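Quick caveat: nothing in here was measured; it's all calculated off a predicted structure.
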Amino acid sequence: KLTCNSRDQSIMLFVPLSSIFQFLSGYAYMDKVLSHFLTDADGVDAWEVLLYIVLHLVLGYTAFMIYVYRQHEIDFGGKKVSRRNSTCPTSTKLGPPDIHDWKVNQQKILNNSEYHPSNFATCELLNDVREVDHDKKVSHNRFRQSLHKPKAQVLDMDHIYLNYLQYLWAFTFVGPFSYLLWKKGVLFLRLRVFLNKIGLLKMMPVDYEALVGTLVLEQSQAIHYFARTPKKSELGNIAGFFFADFPYVDEDGEMQVADLFAVDIDLDTKKMVKCKFDSETLNASEAFIFLFYNTISAQHVKLHSYGNWGVNIDDDAMEVNPFLHTNSLVSVIYNYFGFTSFPRFFEEWKKVGLLSKDWDPRAFTDTVKHGVRENIWQHAQITQIVPYSEFVSFITKVRAIFHTEFKKHKHLFPGINGEGLFTGTVLHSLDHALMDWNVEDPLWLDVSHPKYGKMAEIGRIVKVGFVPEVPGYYFHHKFHGSGHPFYEAVYKKAAKINKKMADNMDTCICR
């Protein structure tokens, strides 16, 4: 029986030996095949050529399996646990953590604004924040299937254990397509940047004020809506979006936390009116950088984390609902890709000139951790902006449909929390789709900005390589066409509300 050390040594020896064998046998045999073609084509045995190809595919995949095994040992061995384990942050014995009370958020916004009186003392909407009353039963609790369970204390994005075969499956049928997407995206981004630099390609025209309005009204950041001006106000129909304890990356490539980031949107024009950031006032281009970076780092990861209550990769799911089991594997591996693997690519992006040399990947990870740790604030008041947001209107209606259908089909979803499943499917996929639709040109992110350019740099990469649909999957991952009674029932009703959004609802976290 091999010890850990001897096993590792055996693996290290096998990989180079198999490579040498492939090279020598391949060189000798291909020389023979070519000589046959050059002299007598009829002398080449097609079966020998096929055997040669198969042999090399087998040897190549064996080497790949060994690489995957070693990576599994590094990232999963003794570090992650099954949801069946009581120590798992999303244990099936626990319900999701309670979302934070809106009053606490209200007080935090008001307290933090006082640290910067020169900027926020004249903020008219803060008076509305102070006077507003959202004290009602939050609809979020109506659909909890785990009221009888103790609650988890925090969210956590990447902690669920995959065994080696599950990990190998994911690296074979998921990982390569994700990798190729960002490789292609980065290649085209570099080409666009070069062509723009020499004057052969121009940045698409953009209205930054309208773009900022879109990013808060038509993405998950809409939950930061907190107050609006009274009817017939002299200021107009203005909505205030407030982000207390707002994480960002500074010009030195390090994470900082601002006390308060606030953006006012004219709901009639859907354009930014003003944006304040601690003691600074930001223009629309700067506000766009902050909002997009917040989306890809601190905000969107909340959906990934909450979605962990909507996965089951155990045998009971495989027996009852194989479609759920496959989708759960994909969701778990993508949470691992997004949290653990993503920062490992920073050095490569620095080498090709897309990231500054002093961009510290730990700053990005710290931003993600901050966003996950902050959890989600109560946001029942979001219904007030339904008339002004296509996304909010769709989500509020489809969420009710989703939970009604989930209740009917709950026997097909062992160990699954309905809100977790909704978050990891409908909310997550539409947040991606909207990021892609809203930001049409990565060059809109100003990487030359002396203070905020680093956030724009990583924003460009994420936009082209990690936001779009991933092509090539052999498994189905859309509500529409799934053939599953639950997903088809939800899609049929959702499509009547907004077919474009319904068509983009994924059944797992797959990008």
Fill in: Ring centers of F64, Y61 separated by less than 6.0 Å
yes
Worksheet item: Can I461 and V186 be said to form a side-chain contact (heavy atoms from CB on, under 4.5 Å), step by step?
Response: CA-CA 6 Å; I461 293 170; V186 165; 4.3 Å; yes
Discussion item. Could you check whether E390 pairs with K500 (Lys NZ or Arg NE/NH1/NH2 to Asp/Glu carboxylate O, under 4.0 Å)?
Written reply: no
Worksheet entry | pair V330-W169: side-chain heavy atoms closer than 4.5 Å | yes
Discussion item. Any non-hydrogen side-chain atom of R511 less than 4.5 Å from a side-chain atom of D506?
Written reply: yes
Discussion item. For a quick test of reading the model, state the closest non-hydrogen atom pair linking F402 to T425 and the distance between them.
Written reply: CE1-OG1, 3.9 Å
Worksheet item: Using 4.0 Å as the upper bound for N to carboxylate O, is an ion pair formed by D264 and K276?
Response: no
Discussion item. Using the ring centroid of each side chain, check whether H300 and H428 are separated by less than 6.0 Å.
Written reply: yes
Practice prompt. Just say parallel, tilted or perpendicular for the rings of F413 and Y487, cut-offs at 30° and 60°.
Written response: perpendicular
Worksheet item: Between I395 and F422, is a side-chain contact (heavy atoms from CB on, under 4.5 Å) present by the stated rule, with each step listed?
Response: CA-CA 10 Å; I395 289 298; F422 177 75; 4.1 Å; yes
Discussion item. Please list all pairs meeting salt bridge (Lys or Arg N to Asp or Glu O under 4.0 Å) that have one or both residues in residues 351-364, counting only residues at least two apart or in different chains.
Written reply: D358-K454, D360-R362
Fill in: Nearest heavy atoms of C275 and A287, plus distance in Å
SG-CB, 3.8 Å
Fill in: CD/Q71: more than 12 non-hydrogen atoms of other groups inside 6.0 Å
yes
Worksheet, complete the sentence: Between the CD atom in E280 and the CZ atom in F261, the distance rounded to the nearest 0.5 Å is 11.0 Å
Worksheet item: W182 vs Y179 aromatic rings, parallel, tilted or perpendicular, using cut-offs 30° and 60°?
Response: perpendicular
Worksheet item: Taking atom CZ of R190 as the centre, does the number of heavy atoms from other residues, nucleotides or ligands within less than 6.0 Å exceed 12?
Response: no
Worksheet item: Quick one: does Y452's side chain get under 4.5 Å of F277's, heavy atoms only?
Response: yes
Discussion item. Do L355 and F345 have side chains that approach each other closer than 4.5 Å (heavy atoms only, starting at C-beta)?
Written reply: no
Worksheet item: Parallel, tilted or perpendicular: which describes the rings of H477 and F475, with under 30° parallel and over 60° perpendicular?
Response: perpendicular
Worksheet item: Mind checking whether L201 and F194 have side chains closer than 4.5 Å, heavy atoms only?
Response: no
Discussion item. side-chain contact (heavy atoms from CB on, under 4.5 Å) for V462 and V467? Distances and angles first, verdict last.
Written reply: CA-CA 6 Å; V462 172; V467 167; 3.9 Å; yes
Discussion item. Taking the ring of F241 and the ring of W377, is the distance between their centroids below 6.0 Å?
Written reply: no
Worksheet item: Is there a side-chain contact between L189 and W349 (heavy atoms, below 4.5 Å)?
Response: no
Worksheet item: Is a side-chain N or O of E374 found less than 3.5 angstrom from the main chain of A298, in a donor-acceptor match?
Response: no
Worksheet entry | F76 side chain near N163 side chain, heavy-atom distance below 4.5 Å | no
Fill in: Aromatic centroids of F290 and Y248 separated by under 6.0 Å
yes
Worksheet item: Do the two ring centres, one from F466 and one from F342, sit under 6.0 Å apart?
Response: yes
Worksheet entry | Candidate pair R70 and E73, rule salt bridge (charged side-chain N to carboxylate O under 4.0 Å, His left out), full reasoning | CA-CA 5 Å; R70 291 176 63 81; E73 288 286 284; over 6 Å; no
Worksheet item: Is the closest side-chain heavy-atom distance between Y208 and M272 below 4.5 Å?
Response: no
Worksheet item: So with a 6.0 Å cut-off around NZ of K79, is the heavy-atom count from everything else above 12?
Response: yes
Worksheet entry | Atom OH of Y164 with >12 non-hydrogen neighbours under 6.0 angstrom | yes
Fill in: Nearest-0.5 Å distance that lies between atom CG in L260 and atom OG in S279
10.5 Å
Worksheet item: What salt bridge (Lys or Arg N to Asp or Glu O under 4.0 Å) pairs are there with at least one residue in residues 162-182, not counting sequence neighbours?
Response: none
Discussion item. Applying side-chain hydrogen bond (donor to acceptor under 3.5 Å, both in side chains), can you list everything that pairs with N312, at least two apart in sequence or on another chain?
Written reply: D316
Practice prompt. Start with the C-alpha distance between Y336 and Y167, add both sets of side-chain angles, then the distance that settles ring-ring contact (aromatic ring centres under 6.0 Å, His included), and finish with yes or no.
Written response: CA-CA 11 Å; Y336 160 75; Y167 189 70; 5.7 Å; yes
Worksheet item: W444 ring centre to K463 NZ or CZ under 6.0 Å, with the angle to the axis within 45°?
Response: no
Item to complete: Indicate the ring-plane relationship of Y161 and H72, choosing parallel, tilted or perpendicular according to the 30° and 60° boundaries.
Response: perpendicular
Discussion item. Taking the six-membered ring for Trp, are F391 and F394 closer than 6.0 Å centroid to centroid?
Written reply: no
Fill in: Test: D75 and R344 ion pair at under 4.0 Å
yes
Worksheet item: R192 and L443: side-chain contact (heavy atoms from CB on, under 4.5 Å), yes or no, with the steps?
Response: CA-CA 8 Å; R192 289 200 55 160; L443 300 186; 4.0 Å; yes
